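Here's the structure, in structure tokens; my notes come after.
This structure is a prediction, so every number in the text was calculated from the model and none was measured. Every chain is numbered from 1, with letters handed out A, B, ... down the list of sequences.
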Amino acid sequence: MSAEPRKILVTSALPYANGSIHLGHLVEYIQSDTWARFQKLRGEHCTYVCASDTHGTPIMIRARAENIEPEQLIERIGAEQLADLEAFGVAFDNFYTTHSEENEQLVVRMYEALSANGHIYTKTIEQAYDETKSMFLPDRFVKGTCPRCRSEDQYGDACEVCGATYTPDELIDPVSVLSDTRPVWRESEHYFFRLSAFTDDLRDWMRRAALHQNISSKLEEWFEAGLQDWDISRDAPYFGFRIPGTEDKYFYVWLDAPVGYLASFLHLCRRRDDLDFDAYWDADSPHEVYHFIGKDIVYFHTLFWPAVLKGSGMREPTSVFAHGFLTINGKKMSKSRGTFINARTWLRHLDTSSLRYYYAAKLGPGMDDIDLSLDDFVARVNADLVGKLVNIASRCAGFITKQFDGQLAERLDDEDLFGEFVAEADAVAAEYEGREYSKAMRRVMALADRANRYIEARKPWLMIKDAAQRDDVQLVCTQGLNLFRTLMIYLAPVLPAVAERTRALFGDDAWRWADAAAPVLGRRIDKYEALLTRIDPKQVNAVIEESKEAPAAAQPAATTTDEATVSIDDFARVDLRVARVVAAEPVEGADKLLRLTLDLGDSRRQVFAGIKAAYAPDALVGRHVIAVANLAPRKMRFGVSEGMVLAAGPGGEDIFLLSVDSGAEAGMRVK
RNA sequence: GGUGAUGUAGCUCAGUUGGUCAGAGCGACGGACUCAUAACCCGUAGGUCGGUGGUUCAAAUCCACCCAUCACCA
């Protein structure tokens with residue numbers, strides 16, 4: 001490791017604020033979160049940002065359908081997406097929105113730079129127009145009969161039956177999906193980005209970025225076909241940013257979306273002394289910037305985006321990492337098969353470490369699709385994680401706790417063996433760095449096998465029967481626990497929740513990668529609690545069953561088990577935070593409700609609380625309460641409630657808010 | 001339709017530049033053990049590497065064609 005930490009900015013693709021996070025999305029977030037966590041664990045200065053992608057026609061249409069403003073829709077969905085991602089351990093340094101002041105300023109700044117550099121021109125094009133809705137229609141909003149194979153009800157850009165591609169005006173009997181009327185073709189002036197002028201720059205960038213073979217061969221393909229200029233404008237009505245100097249032209253969502261990476265980073269820079277926006281984004285920045293994306297958006301991230309950055313006088317990304325898609329049981333996710341699984345559904349029945357591990361065990365640096373085979377998932381997680389990995393701790397900790405009062409020996413039993421585990425650190429690190437997670441998992445599990453064999457060979461359960469060998473039992477179990485601890489440090493990027501529990505078990509301070517090489521000796525450990533529990537196939541079945549019908553919208557969570565207890569995992573899913581009441585007011589038309597605006601440190605939420613009879617609004621402002629930060633947002637008659645505040649009592653006047661001792665600040669996690 | 005990717009033991013996958021490359025884990029089966037969340041340890045199983053044809057002394061590994069699955073086509 002170099003003395004000076006690397007400065008790294010990592011992004012995940014922005015989730016579109018039009019739907020729920022599902023297992024497919026999670027491949028990307030878990031992959032990039034793991035990488036960012038690895039860099040941080042190694043002591044690098046790594047920042048990981050993301051944002052909600054909020055603009056475009058689909059969001060405008062959906063908001064209309066729900067009879068709300070687009071702003072309300074994107075705020076609700078964005079909060080829900082962030083909560084889901086955080087529940088899976090995805091730890092952004094910042095999750096922002098493309099519908100922000102920062103983003104608009106950056107988009108305009110970049111557009112003006114592009115314009116000044118001669119990279120923008122206008123051209124009149126013809127486009128489908130819905131006269132009843134008074135709006136231009138994107139290709140996907142026109143349907144009709146395929147001109148080639150005559151299949152009915154096909155989208156305006158391609159036929160799903162015969163695979164033909166065409167433009168909407170070639171469709172037979174085209175109709176607008178918004179009104180079922182026949183669209184007309186109207187002319188409109190559009191703004192174009194001169195992508196074709198950047199071919200040489202992009203070729204040059206492609207070499208420097210050392211893109212994965214699969215991506216660069218794709219790019220070569222596109223270069224050979226010749227780059228086409230890019231239509232970056234859309235006509236009103238459109239939900240997005242208006243192009244300066246125009247009345248009714250808006251930036252296409254795909255222009256402002258990647259700028260959202262910058263906006264989220266800028267938003268964070270303004271709150272952090274150790275981050276300087278320009279130092280990362282100036283054309284000659286020495287820092288590293290990486291985008292993790294899915295293979296479906298390679299075009300945008302390896303052509304448009306670097307070209308737009310270059311054209312606006314900024315630096316290009318250091319590299320772009322693309323992953324494949326997720327299949328479940330070998331097939332595309334499907335609602336009828338129950339394999340279109342939302343993150344939220346998963347959380348109700350299964351823990352998140354298991355999925356993180358399974359994905360890691362399958363992920364490599366390439367663009368190949370990965371398969372979540374549910375039977376294999378259960379077998380693999382139970383065998384690898386519970387059977388061999390956690391088992392090491394489980395079989396050693398008992399002796400230490402019961403026989404030695406939790407006291408670890410002062411030395412190791414087998415320094416050489418420990419040394420073998422330490423010697424793998426560089427190889428594991430290199431595999432993480434190269435996103436060869438599957439290889440890293442394989443390597444770590446091979447070590448776990450080795451640790452189990454070591455214990456098997458020493459047989460502490462026999463030694464304990466002989467008073468003369470009592471000290472050796474302590475040595476062997478100290479050895480075993482330290483082998484386990486080293487492995488858990490290696491796995492911390494993938495299994496942050498289990499790593500955290502392990503760290504606490506040993507009473508360590510925050511782990512760094514190098515700690516894996518230094519055994520913990522002579523210390524008293526906490527009482528061992530199960531770090532993970534086996535998965536029952538019934539849990540997976542429950543997820544499938546629940547996913548089969550239309551996603552149960554905001555159904556109260558079914559109890560996850562028959563038992564009256566919850567696991568530590570279950571509890572950890574509830575994100576309790578200290579919140580400061582910024583504003584409180586009665587809700588018109590509701591007898592019991594107060595509308596609270598809560599400050600959660602990094603965000604503000606609107607929450608409705610049934611405490612009107614017990615608390616005067618004015619008395620609440622400024623005080624701290626405990627809020628559930630990841631409760632699914634709920635649409636109420638008066639607006640969306642984005643959480644709940646904790647209170648005790650039967651209700652009515654007898655309701656008592658929980659508070660925290662002085663010193664606590666808004667945003668602190670309760671645990 | 002064009003382009004590209006993938007197709008290796010029941011399952012999930014490794015196999016750098018062609019010659020110990022026919023492998024691992026899981027499952028299954030047999031045995032041992034009982035510290036551990038029926039976990040762990042030892043052993044067995046044995047797929048003509050999607051198909052056909054070709055190049056080569058030698059191909060899962062190169063070429064051609066075919067089949068299947070998947071993706072992209074701004």
Whole angstrom value for the distance that separates [atom2] of [N] from [atom1] of [X]:
X	N	atom1	atom2	result
A:Asp376	B:G27	CG	C1'	10 Å
A:Leu389	B:C40	CG	C1'	13 Å
A:Asp369	B:A68	CG	P	19 Å
A:Asn452	B:U37	CG	P	13 Å
A:Leu385	B:A36	CG	C1'	16 Å
A:Gln469	B:C35	CD	C1'	15 Å

Nucleic acid contacts - residues 354-364 of chain A versus RNA chain B, non-hydrogen atoms under 4.0 Å: A:Lys362

Close approaches to RNA chain B from residues 425-445 of chain A, in residue order (heavy atom, under 4.0 Å):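 Under 4.0 Å from RNA chain B: A:Lys439, A:Arg442.
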
Please check if the distance between the ring centroids of [X] and [Y] is under 6.0 Å.
X	Y	answer
A:Trp254	A:Phe304	no
A:Tyr359	A:Tyr29	no
A:Tyr358	A:Trp346	no
A:Phe251	A:Phe241	no

Aromatic plane relationship, A:Tyr261 with A:His291 - under 30° parallel, 30 to 60° tilted, over 60° perpendicular: parallel

Mutual orientation of the aromatic rings belonging to A:Phe192 and A:Tyr121 [parallel < 30°, tilted 30-60°, perpendicular > 60°]: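 Because their plane-to-plane angle is under 30°, the rings of A:Phe192 and A:Tyr121 count as parallel.
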
Give none if [N] has no partner; otherwise give the nucleotide forming a Watson-Crick or G-U wobble pair with it, both distances under 3.5 Å.
N	value
B:G1	B:C73
B:A9	none
B:A32	none

Heavy atoms from C-beta onward define the side chain here; which of [options] lies closest to that of [X]?
X	options	answer
A:Asp371	B:C40, B:C13, B:C35	B:C13
A:Phe325	B:C40, B:C72, B:C13	B:C72
A:Arg380	B:U12, B:A36, B:C72	B:U12

Short side-chain N/O contact from A:Arg458 to OP1 or OP2 of B:C35, under 4.0 Å: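 Checking A:Arg458 against B:C35: no side-chain N or O falls below 4.0 Å of OP1 or OP2.
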
Phosphate OP1/OP2 of B:A39 contacted by A:Arg534 side-chain N/O (<4.0 Å):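 It does, given that an N or O in the side chain of A:Arg534 lies less than 4.0 Å from OP1 or OP2 of B:A39.
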
Within 45° cone of A:Phe239 ring axis and under 6.0 Å: A:Arg234 NZ or CZ: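 Relative to the ring axis of A:Phe239, which defines the angle, A:Arg234 lies outside at least one limit.
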
When the [atom1] atoms of [M] and [N] are compared, how many Å lie between them, rounded to an integer?
N	M	atom1	value
B:C73	B:U48	C1'	39 Å
B:C57	B:C21	P	23 Å
B:C40	B:G15	C1'	29 Å

What does the list of N/O pairs under 3.5 Å between the protein and nucleotides 3-5 of chain B look like, with a distance for each?
from	atom 1	to	atom 2	distance (Å)
B:U3	O2'	A:Glu221	OE1	2.5
B:U3	O2'	A:Glu221	OE2	2.7
B:A5	O2'	A:Asp368	OD1	3.4

